[in-house]
Amino acid sequence: MYNKIWFFKSIMEQLEEAIIVADLDEKIVYINKSCEKMYGISSSSLIGKFLSDMLIVIDKDKEDLRKISQTIKDEKIYYGSHFSKRNNGEEFIVSIKIASLKDEEENKIGYVGTIQDVTLNMEFERTLKETTIELQEKNKELEQFAYITSHDLQEPLRIISNYSQLLHEKYQNTIDEETEKYFNYILDSANRMRILIKELLDFSRVGRKDAPFEKINIDKMLEDIEKDFILKIKETDAKIRIETSLPEIYGIRIRIKQLFHNLISNSLKYRGKDNPQIVIGCYDDDPFYTFYVKDNGIGIEEKYFDRIFGIFKRLYSREQYPGTGIGLALCQRIVETHGGKIWVDSEPGSGSIFYFTISKSINFT
Ligand code: ADP
């Protein structure tokens, strides 16, 4: 069997925290390697000295020493934060805990102190906070930029589009086949650009909580969406089935509608050989509601599970499936403004399930 003292000592040597053990006379009997490293002192220089000698080292300002002594004399556990100083003069902040050490019969046999260098944690937290604020500001700037540019681009595009149309009408009867083809390229591209700009504008609007959060009855909303798709549903003989009860949620009505609209529209568009079977449901996943939209369509390869949520990211050409690749990016933004996330699970050839969560308790104001 192993030696108990050796066993515990080797555990102490692995700890990140500095450990000091003193006997009943408050004389130091052990310090671990982390303590030597933290203060730049050797164990031999401290063994046999009084705990108060070490406390003077620990507390640079020596302010709380009396409080520490009193607390441990009163048999209480001492917790505190102190400015400390290493042997090389470097200052740092520590969090200390000092408690009595007891034997198996609960008799006090000494003291044990645990010291944690919290400077690194604090610096890390501060850097993280600063970076987050910086990122949020940059994000706002970018959103503003996307909003203004897409908004301002609409006007010149409208002029290009209108005047090309007028030119086309004016010379319709005199132009040859090749020129007619050029006109069509221009009109087609201008139209595509109009759609892209509109979608970009819509995308940059989603992040700006420009409409109030309100109570939404999802059942009712889905009935309305189904009506919007009535022609497509008839044409493809699609079935939409709601398989669980659906909750009322708080959200921005037009955005939540857009979210379901995009997912259902994709399920109809990326259908397989069989008639589309779309199943919608929700489960309570406190503090979220998790909704899902499942289809029996062409499916998606696992390596594209993240990519498809990127703006203008598509897996097929416009000739194969029409679209611009903004639908799922919009869905992701909408879900994020409702405190949730969105992801997909799919098997190529069998279908896809899109899941998204909506926070029940996000601060909506
Ligand atoms: P779009 O449909 O305009 O291309 P989306 O952002 O809605 O844009 O979708 C991005 C890509 O994700 C699509 O081009 C398609 O490849 C894939 N995708 C989306 N929904 C489905 C689905 N239900 N089944 C299979 N693939 C899908």
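Residue numbers run from 1 in the order of the sequence given. Nothing here was measured: the structure is a model prediction, and the numbers come from that model. Order of appearance sets the numbers: ligands from 1, and atoms from 1 within every ligand.
Using a 4.0 Å cut-off between charged nitrogen and carboxylate oxygen, Asp295 and Arg271 do not count as a salt-bridge pair. Between Lys232 and Glu235, at least one side-chain N (NZ, or NE/NH1/NH2) sits under 4.0 Å from a carboxylate O, which counts as a salt bridge. A salt bridge between Glu155 and Arg158 is present, with a side-chain N of the basic residue lying under 4.0 Å from a carboxylate O of the acidic one.
Counting protein heavy atoms only, atom 8 (O) of ligand 1 is closest to Gly325 CA, 3.1 Å. Annotation: atom 21 (C) of ligand 1 to nearest protein heavy atom, Tyr270 CD1, 3.6 Å. Ranking the protein heavy atoms by distance from atom 7 (O) of ligand 1 puts Asn266 ND2, 2.8 Å first. Considering only non-hydrogen protein atoms, atom 4 (O) of ligand 1 sits nearest to Arg314 NE, 2.6 Å. Of the protein's heavy atoms, Ile308 CG2, 3.8 Å lies nearest to atom 11 (C) of ligand 1. Among protein heavy atoms, atom 6 (O) of ligand 1 sits closest to Leu328 N, 2.8 Å.
Ring to ring, Phe183 and Tyr171 are not that close: their centroids are 6.0 angstrom or more apart. For Phe260 and Phe354, the gap between ring centers reaches or exceeds 6.0 Å.
Checking side-chain atoms of Thr357 against main-chain N and O of Lys341 turns up a donor-acceptor pair under 3.5 Å. No side-chain donor-acceptor contact under 3.5 Å links Glu26 to the backbone of Phe50.
Atom CD1 of Ile41 and atom NZ of Lys37 lie 14.0 Å apart (nearest 0.5 Å). Going from atom CZ of Arg255 over to atom NE2 of His261 covers 13.5 Å, rounded to the nearest 0.5 Å. Between the CD1 atom of Ile280 and the CD1 atom of Ile240 there is a distance of 6.0 Å, given to the nearest 0.5 Å. Atom CZ in Arg126 sits 12.0 Å away from atom CG in Leu128 (nearest 0.5 Å).
Every heavy atom of Asn262 sits 4.0 Å or more from the atoms of ligand 1. The closest approach between any non-hydrogen atom of Gly297 and ligand 1 is not below 4.0 Å.
At a 4.0 Å heavy-atom cut-off, ligand 1 touches Lys313 through the backbone alone. Only the side chain of Ile300 comes within 4.0 Å of ligand 1, judged by heavy-atom distances. At a 4.0 Å heavy-atom cut-off, ligand 1 touches Phe354 through the side chain alone. If you look at Asp295 next to ligand 1, the close heavy atoms, those under 4.0 Å, all belong to the side chain.
Within ligand 1, the atoms closer than 4.0 Å to a non-hydrogen atom of Tyr316 are 16 (O), numbered from 1 in the order shown. Atoms of ligand 1 lying under 4.0 Å from at least one heavy atom of Ser352, given by number and element, are 24 (N). Using a 4.0 Å cut-off to heavy atoms of Lys269, the atoms of ligand 1 that qualify are 1 (P), 2 (O), 3 (O). Applying the 4.0 Å criterion to heavy atoms of Leu315 picks out, from ligand 1, the atoms 14 (O), 16 (O). Less than 4.0 angstrom separates some heavy atom of Ile326 from each of these atoms of ligand 1: 6 (O), 8 (O). Distances below 4.0 Å separate heavy atoms of Gly299 from the following atoms of ligand 1: 25 (C). The distance from ligand 1 to the heavy atoms of Gly323 drops below 4.0 Å at these ligand atoms: 3 (O).
Taking only nitrogen or oxygen atoms, main chain and side chain alike, Ile298 does not reach within less than 3.5 Å of ligand 1.
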request  = Walk me through it: do Ile19 and Thr114 pass the test side chain to side chain contact (heavy atoms under 4.5 Å, CB included)?
outcome  = CA-CA 5 Å; Ile19 308 283; Thr114 320; 3.9 Å; yes

